[in-house]
Amino acid sequence: MPIITLPDGSQRSFDTPITVLDLATSIGTGLAKATLAGKVNGNLVDATYSIDTNATVAIITRRDPEALDLLRHDAAHVMAQAVQEIYPDTQVTIGPAIENGFYYDFARETPFTTKDLELIESKMREIVKRNLPIKREIWDRNAAKELFAKHGEHYKVQIIEDIIPESEEVSIYRQGEWFDVCRGPHLPNTSYLGNGFKLTKVAGAYWRGDSNNAMLQRIYGTAWRDTKELKTYLHQLEEAEKRDHRKLGRTLDLFHIQEEAPGMAFWHDKGWQIYLQLQDYIRNKLKKHGYREVHTPQIIDRTLWERSGHWDKFRQEMFITETEDKIFAIKPMNCPGHIQIYNQGIKSHRDLPLRLAEFGSCHRNEPSGTLHGLMRIRNFVQDDAHIFCTEEQILPEVKAFMELLFEVYKDFGFDEVILAFSTRPEKRVGDDALWDKAEQALETALNQTGLNWKLQPGEGAFYGPKIEFSLRDCLSRIWQLGTIQLDFSMPGRLGATYVAEDNSRKTPVMLHRAILGSIERFIGILIEHYAGALPLWLVPVQAMLMTITNNQDQYCQQIAQRLTQQGLRVELDLRNEKIGYKIREHSLARIPYLLVVGEREQANNTLAVRTRSGENLGTMSIDQLLELLVHENTARLVKNPSYSI
RNA sequence: GCCGGUGUAGCUCAGUAGGUAGAGCAACUGAUUCGUAAUCAGUAGGUCAGCGGUUCAAAUCCGCUCAUCGGCUCCA
């Protein structure tokens, strides 16, 4: 009967169908004990799964990467059981494993509190100790619906009706008295979950992710192989919180946000220095790559927004201002303005591609619940540009853009860029031939990067497909920075045309694109990526000159002048404080170079150089220091982002 | 916008039957002139987010509003 091929290539044959667990036993009792599940021909299955045909099989133990998902999914089930034992009036809905943990959504009138979490968690530990075997049962669809209806689990009935495809069998997993409809697989026994889990937070979540539906109570948890792994993870979280740009923004005196202007940053001089540096950098990049910088009005009459289609769709998210009889919108984006510039005079195909860039300040009235430091803000400036081109120019323009984008990201030391490709939605403008061409162009460009990218079918805008380039913040949340979006709609709506080779009037294609995205968000990501210890060329104060005693004041001032003349941003600390105190303070302020001047240095015309991370570079002449700093500054060197104290 | 948490000095946080606020750091003043991550002493600093209510009395109890944090939805 079944011949089973194991991962090492060895084969075993059996006379009768054999379960994963029995297979493991035949290899060794130790392995049998460690068996969590199996992988049969690449599909994860329960340990009790019976193999009746030839197959490639791997035994999954705690050490396998798949184990974590199993543990986490089980943790969700055990949590649901615990919740229903403590609060019988609660209905269960769904509870998947997620990155680093799991959650379960419950339907219950009273929201859970933090205290409830402790209760639930200890009940979970009790259930783990109960050592309950987890068993899979196959049910008839209608019988399963009746079962859950009888128990008042109306959400589960809906899941069986709407979510589980007709082609799939309905499986129910049982642990003790408790059961749940679930695809599985699961661990053999609740005790296999162990102790490496913790409930972390409660939150609201809409049923089936739709804001028109009821709000459920979601409990999040994290789960690991053992308590040691759990502890490591929790420690990492604590460390990550120290990098939070909102916290560092305050302690490093970069910016603040206050009640009277929610979602809008007050940039302090130090933060603004970073802002300007960044803008200067990208402005020069764009110029070199054939972009022309323009500037359009901050407020524009609503009629233009009506024509562009924004008024219909985004009226609620636009700030408006009125004067006399007119209503103006404070611009939420630059593109309609750029089309106005494009429309001045007659454009020929010879003018294309035309790339218009603008660092325009945009305002969007983002819903209050979505604001998040600099990452999601109501007033921002993008490194925005619009490329007007012919259909034939789409591919070369997209390619050139992607090259430029990765060149820029490399300059900042970002290597883990997340790429997502969103294709045509159901409701769209433009004919399919055009979409074919556009999607093909984006996909070709994507494949040429050699990087992985995620397809998001149907997620494109109604006016065209798009690629998004995202990075993670210190807590692993994903934020979009760059994007390139094709637009088949707006140029037509706003009357943009060009004269083609055959003398006919055609509508150009417009590409919306940004690399940094909003400068605000980009700075937020930078701060978290570098834990505030930004590369030399971006940092507000590049070097701090400090004296041992007041006798070196004059000498120090002379050095500062020389460094400043070379374009370096240098400050003096002549305070009557001990050198240890000064070093601590400026190290905490993440100033890259700490320059100490005492009697010895003054006598020899030198400085003692130390970095913010505590590295002692020894004593050097001012020329040597200048060479070091000027090179690092003008070459925009990026160093290892590790910073610790 | 929705669900839940939080809001006390510049920052981080105490404040326990309701009886008109406290620490550390920072700031300021003075002393100390010192060699690589915190020198000592003193001083000052608060409409307890805002508005309203209960009470002889509210940071504390109740209501509303705002902001903020964590999720969800949304993101041109």
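Any value given below was found using the heavy atoms of this structure, including those in side chains, with hydrogens, waters and symmetry copies removed. Numbers restart at 1 for each chain; the letters A, B, ... are given by sequence-line order, proteins then strands.
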| Within 45° cone and under 6.0 Å: A/Arg376 NZ/CZ vs A/Trp479 ring | no

| query | Reckon A/Arg610 has a side-chain N or O less than 4.0 Å from the OP1 or OP2 of B/rG35? | reply | no

| message | Does B/rA76 have OP1 or OP2 under 4.0 Å away from a side-chain N or O of A/Arg315? | response | no

| Polar contact flag, side-chain donor to acceptor under 3.5 angstrom, A/Glu358-A/Thr296 | yes

| Shortest side-chain distance from A/Lys578, nucleotide among B/rG71, B/rU39, B/rA76 | B/rU39

| Nearest-Å distance for atom pair CZ/C1', residues A/Arg376 and B/rU73 | 10 Å

| task | Could you check how far CD of A/Glu366 sits from P of B/rC75, rounded to whole Å? | result | 10 Å

| Which class fits the ring pair A/His310 and A/Trp305: parallel under 30°, tilted 30 to 60°, perpendicular over 60°? | perpendicular

| request: Give a yes or no on whether the backbone of A/Tyr593 and the side-chain of A/Gln542 come within a donor-acceptor separation of less than 3.5 Å. | output: no

| said: Just to be sure I understand the rule, does A/Ser211 reach a base, reach only the sugar-phosphate, or reach nothing, if contact means heavy atoms closer than 4.0 Å? | reply: sugar-phosphate

| Would you say A/Tyr220 reaches B/rC72's phosphate, i.e. side-chain N/O to OP1/OP2 under 4.0 Å? | yes

| request: Classify the nucleic acid contact of A/Gly309 as base, sugar-phosphate or nothing, counting any heavy atom under 4.0 Å across all strands shown. | output: nothing

| message | Checking contacts here: which listed nucleotide (B/rA37, B/rC75, B/rU39) is nearest the side-chain heavy atoms of A/Arg364? | response | B/rC75

| query | Of all of residues 245-260 of chain A, which get a heavy atom below 4.0 angstrom from RNA chain B, listed by number? | reply | A/Arg246, A/Arg250, A/Glu259

